[in-house]
Amino acid sequence: MPTRKTALVTGSTSGIGLGIAEALAKEGHNVVLNGFGEAAAIEALRARLAGHGADIRYDAADMADPAAIAAMMERSLAAFGAIDILVNNAGIQHVAAVDEFPPEKWDAIIAINLSSAFHTTRLALPAMKRKGWGRVVNIASAHGLVASPFKSAYVAAKHGVAGFTKSVALEVAQHGITVNAICPGYVLTPLVERQIPDQARTRGVSEEQVIQKVMLAGQPTKRFIGIDEVAALAIFLASDGAKSITGAMMSIDGGWTAQ
Ligand code: NAD
């Protein structure tokens with residue numbers, strides 16, 4: 001394999017996805033960015049990453065829409081020949097009791113957090129198989145391993161990602177392709193910041209109590225995980241040194257799921 005590979009990171013205009021995309025660009029890889037945001041801000045991100053020297057593109061495909069995902073994959077494969085490193089990261093959250101959970105939110109979470117990974121992966125694998133090298137890194141969650149109340153759709157989707165990861169890892173194990181999931185605990189990103197007022201309302205407590213008594217209560221290190229830490233793990237999983245790690249749920253949760 002040449003040193004320069006091509007990566008596609010879904011949901012990479014913000015948070016963890018952006019951190020991983022930037023780390024991949026710093027490693028010299030071409031990157032297809034994806035996600036929502038204001039056009040000028042996204043172009044500024046794209047230009048910043050391109051400053052590391054590789055070909056950085058942006059694709060606006062909506063991860064809730066299988067046809068849009070297929071079109072993004074077709075464009076990316078036409079441009080680069082293969083997506084060597086696929087990072088399925090796009091995700092949303094909604095916090096509500098299950099008997100009050102809006103059905104349209106359930107459908108959106110399953111589509112974006114789970115089904116999008118199926119659509120990107122199924123379309124990326126043929127070129128990876130032809131090259132005999134590939135990396136699929138699924139950003140699951142500690143909620144892919146354990147549950148919390150009021151997050152039924154998210155926990156179901158992330159447990160689904162765990163199952164999908166293991167099953168596909170077995171299918172492609174002899175093709176030089178690894179498929180793993182990263183399972184972070186709480187990382188302070190816009191997704192988590194948005195949950196704080198929702199959780200405060202649902203639980204009837206203050207926002208500071210949500211941070212200390214809900215979010216960090218189960219995280220023994222008592223601090224948020226850094227985006228840079230998750231990105232470093234993704235870079236390792238994408239490396240040749242990680243070629244025998246496959247079908248793994250890689251916890252990076254400050255000890256949360258050790259309890
Ligand atoms: P974030 O809100 O900062 O970023 C989410 C990204 O996904 C954004 O770029 C957004 O534009 C994009 N996105 C959302 N809906 C989309 C759609 N329909 N189509 C395309 N892009 C879409 O969130 P984050 O915290 O960085 O989360 C990234 C991933 O990490 C998610 O899968 C999340 O579940 C997971 N995760 C986050 C944490 C945490 O504590 N932040 C912990 C564990 C797992």
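Whatever order the structure lists them in is the order used to number ligands and atoms, beginning at 1.
Contact atoms of ligand 1 toward T13: 8 (C), 9 (O), 11 (O) (distance under 4.0 Å to a heavy atom of the residue). Below 4.0 Å from some heavy atom of G15 lie the following atoms of ligand 1, by number and element: 3 (O), 26 (O). Atom numbering of ligand 1 starts at 1 in the shown order; those under 4.0 Å from a heavy atom of Y186 are 40 (O). Each of the atoms 17 (C), 18 (N), 19 (N), 20 (C) of ligand 1 lies under 4.0 Å from some heavy atom of M63. Close approach of ligand 1 to P190 is summarised as follows: ligand atoms under 4.0 Å from at least one heavy atom of the residue are 3 (O). Within ligand 1, counting atoms from 1 as listed, the ones closer than 4.0 Å to a heavy atom of D62 are 17 (C), 18 (N), 19 (N). Near N34, meaning under 4.0 Å from any of its heavy atoms, are these atoms of ligand 1: 20 (C), 21 (N).
The shortest N or O to N or O distance between G11 and ligand 1 is under 3.5 Å. Checked against a 3.5 angstrom limit, the closest N/O atoms of N89 and ligand 1 fall inside it. In terms of polar-atom proximity, defined here as any N/O pair under 3.5 Å, G17 makes no such contact with ligand 1. Between I16 and ligand 1, a contact under 3.5 Å exists for at least one N or O pair. At least one N/O-N/O distance between F36 and ligand 1 falls below 3.5 Å.
The side chain of V192, and not its backbone, has at least one atom closer than 4.0 Å to an atom of ligand 1 (non-hydrogen atoms only; side chain from C-beta on). Proximity of S12 to ligand 1, defined as any heavy-atom pair under 4.0 Å, is confined to the backbone N, CA, C and O atoms. At a heavy-atom distance under 4.0 Å, only side-chain atoms of I112, from C-beta outward, approach ligand 1. Counting heavy atoms closer than 4.0 Å to ligand 1, residue A140 contributes backbone atoms (N, CA, C, O) but none from C-beta onward. When non-hydrogen atoms are compared, ligand 1 lies under 4.0 Å from the side chain of I92 (C-beta onward) but not from its backbone. With a 4.0 Å cut-off on non-hydrogen atoms, Y154 touches ligand 1 through its side chain and not its backbone. Under 4.0 angstrom from ligand 1, there are no non-hydrogen atoms of S116. Residue Q93 does not touch ligand 1, judged by heavy-atom distances below 4.0 Å.
Distances from ligand 1 to the non-hydrogen atoms of N113 include no value under 4.0 Å. Ligand 1 lies less than 4.0 angstrom from a heavy atom belonging to G185. Under a 4.0 angstrom heavy-atom cut-off, A61 registers as being in contact with ligand 1. The shortest heavy-atom distance from H143 to ligand 1 is not under 4.0 Å.
Judged by the 6.0 Å distance and 45° axis criteria, K5 is positioned over the aromatic ring of W133.
The protein heavy-atom contact nearest to atom 4 (O) of ligand 1 is S14 OG, 3.6 Å.
In this structure, a donor-acceptor pair under 3.5 Å is present between the side chains of T165 and N138. A donor-acceptor pair shorter than 3.5 Å can be found between the side chains of S206 and Q209.
By the 4.0 Å N-to-carboxylate-O rule, R75 lies close enough to D59 to be salt-bridged with it.
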Which pairs of donor and acceptor atoms, one on a side chain in residues 181-192, lie under 3.5 Å apart (sequence neighbours left out)?
from	atom 1	to	atom 2	distance (Å)
Y186	OH	K151	NZ	2.8
T189	OG1	L191	N	3.3

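For the pair V87 and I85, the minimum side-chain heavy-atom distance is below 4.5 Å. The shortest distance between side-chain heavy atoms of E27 and R4 does not fall below 4.5 Å. In this structure, K243 and R135 have side chains that are in contact, with non-hydrogen atoms separated by less than 4.5 Å.
Residue pairs meeting the salt bridge (charged side-chain N to carboxylate O under 4.0 Å, His left out) criterion with at least one partner in residues 198-212, sequence neighbours excluded, are D198-R201.
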